[in-house]
Amino acid sequence: MKSLQLIEEKKLELVDGPAPDAPAETEVQVAMKSIALNHIDVWGYRGMAFAQRTLPIVVGAEGVGEIVAIGSGVSNFKPGDKVALYGGKTCGHCPACTEGRDNLCENIAGVMGFHVDGMAAELINIEARLVIPIPDGISWTDAACAPVTFSTVEHMLFDNAKLKRGEKILIHAAGSGIGSTAIRMAKDLDCEVFTTVGSDEKVEKAKALGADHVINYNEKRFESYVRRQTGKKGVDVVFEHIGPDTWAGSIFALKRGGRLVTCGSTSGVSAETNLFSVFQQQLHIFGSFGASMRNVADGLDKMARGIRPVIDSEFDVGDLQSGLDRLINRQVFGKVVIHMG
Ligand SMILES: [Zn+2]
């Protein structure tokens with residue numbers, strides 16, 4: 001069985017090894033079809049100080065496949081079912097897990113593809129409680145963007161920021177996987193969408209996605225533009241994942257009582273915050289990481305009714321490095337998807 005492994009930092013290798021045993025009582029065995037790449041793959045590839053792991057490790061944190069065998073105790077799935085895999089090794093029995101807040105599990109044993117072996121393998125055994133059925137009519141390519149990308153955006157916009165129909169929202173980095181997804185989900189609610197991009201080429205692509213205002217952050221200050229366009233009031237919601245490069249402007253772009261939700265910090269780890277703005281403007285700041293299993297299912301349902309991910313490019317598993325390079329070099333517009341072949 002082939003799997004793509006990180007042998008050492010910044011060195012990927014397609015490895016031929018033994019296939020997994022038959023699935024245990026509560027497990028299913030999945031033939032993996034497609035993997036979507038995320039920034040967590042870049043962090044994993046470069047090696048992050050906080051990651052406790054032992055190399056080599058199978059990469060891939062977001063993926064989908066077809067069930068080929070089930071354990072003796074599994075009754076809700078059968079071979080042939082198409083499923084999305086939840087990448088967090090949750091315990092399933094702590095208060096957070098039993099309340100459906102899976103990403104707050106108190107005993108999480110790691111994130112697949114980052115701390116523990118991931119999804120870029122021909123066959124995987126996984127607990128049946130950690131797979132989510134894929135509705136009919138969704139391609140493998142699109143479905144591969146549900147377990148992390150769509151679910152992360154669901155969790156940010158609806159569980160945390162509680163985005164409502166018709167609100168004004170600033171979404172950073174239209175070209176990113178979550179940025180492009182957030183634009184489509186916000187436009188589905190008839191929101192007025194402001195978004196940022198880093199090049200003129202991406203301006204047109206962001207407009208084509210439905211964004212009402214596209215700001216090239218290399219040419220003008222997005223926060224001034226947003227305030228001008230909203231009668232100096234600011235937006236209801238800011239969708240953050242950039243960090244120090246945009247943080248102060250994002251705070252400034254919010255209206256009184258506005259909500260900022262962040263799930264990432266690709267430009268660094270620390271940023272200054274104007275505390276007067278936070279309390280005088282009565283801002284709400286939400287930290288968001290990952291998503292629940294329900295968010296994955298909700299994301300798949302949205303795909304089934306036509307909200308599709310933006311696909312930047314597709315590669316075979318042996319060429320995952322090319323996809324990763326597009327992410328590292330910020331060339332992407334949308335998702336990079338890898339096929340197991
Ligand atoms: Zn738990």
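Counting from 1, the numbers follow the sequence of the chain as shown. Each ligand, and each atom within it, is numbered from 1 in the order the structure gives.
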Peer 1: Are there over 12 heavy-atom neighbours, none belonging to F77, within less than 6.0 Å of that residue's CZ?
Peer 2: yes
Peer 1: Taking the six-membered ring where the residue is Trp, are the ring centres of F222 and H172 under 6.0 Å apart?
Peer 2: yes
Peer 1: Just the protein N/O/S atoms under 2.8 Å from the Zn ion (ligand 1), please, no waters.
Peer 2: C91 SG, C94 SG, C97 SG, C105 SG
Peer 1: Considering the options D312, D142, T141, N38, which one meets the side-chain hydrogen bond (donor to acceptor under 3.5 Å, both in side chains) requirement together with K335?
Peer 2: N38
Peer 1: Does E99 CD have over 12 foreign heavy atoms under 6.0 Å away?
Peer 2: yes
Peer 1: Check for a donor-acceptor pair, side chain of E27 on one end and backbone N or O of A24 on the other, with a separation under 3.5 Å.
Peer 2: yes
Peer 1: Under the side chain to side chain contact (heavy atoms under 4.5 Å, CB included) test against M112, which residue among V58, V59, I126, I57 passes?
Peer 2: I126
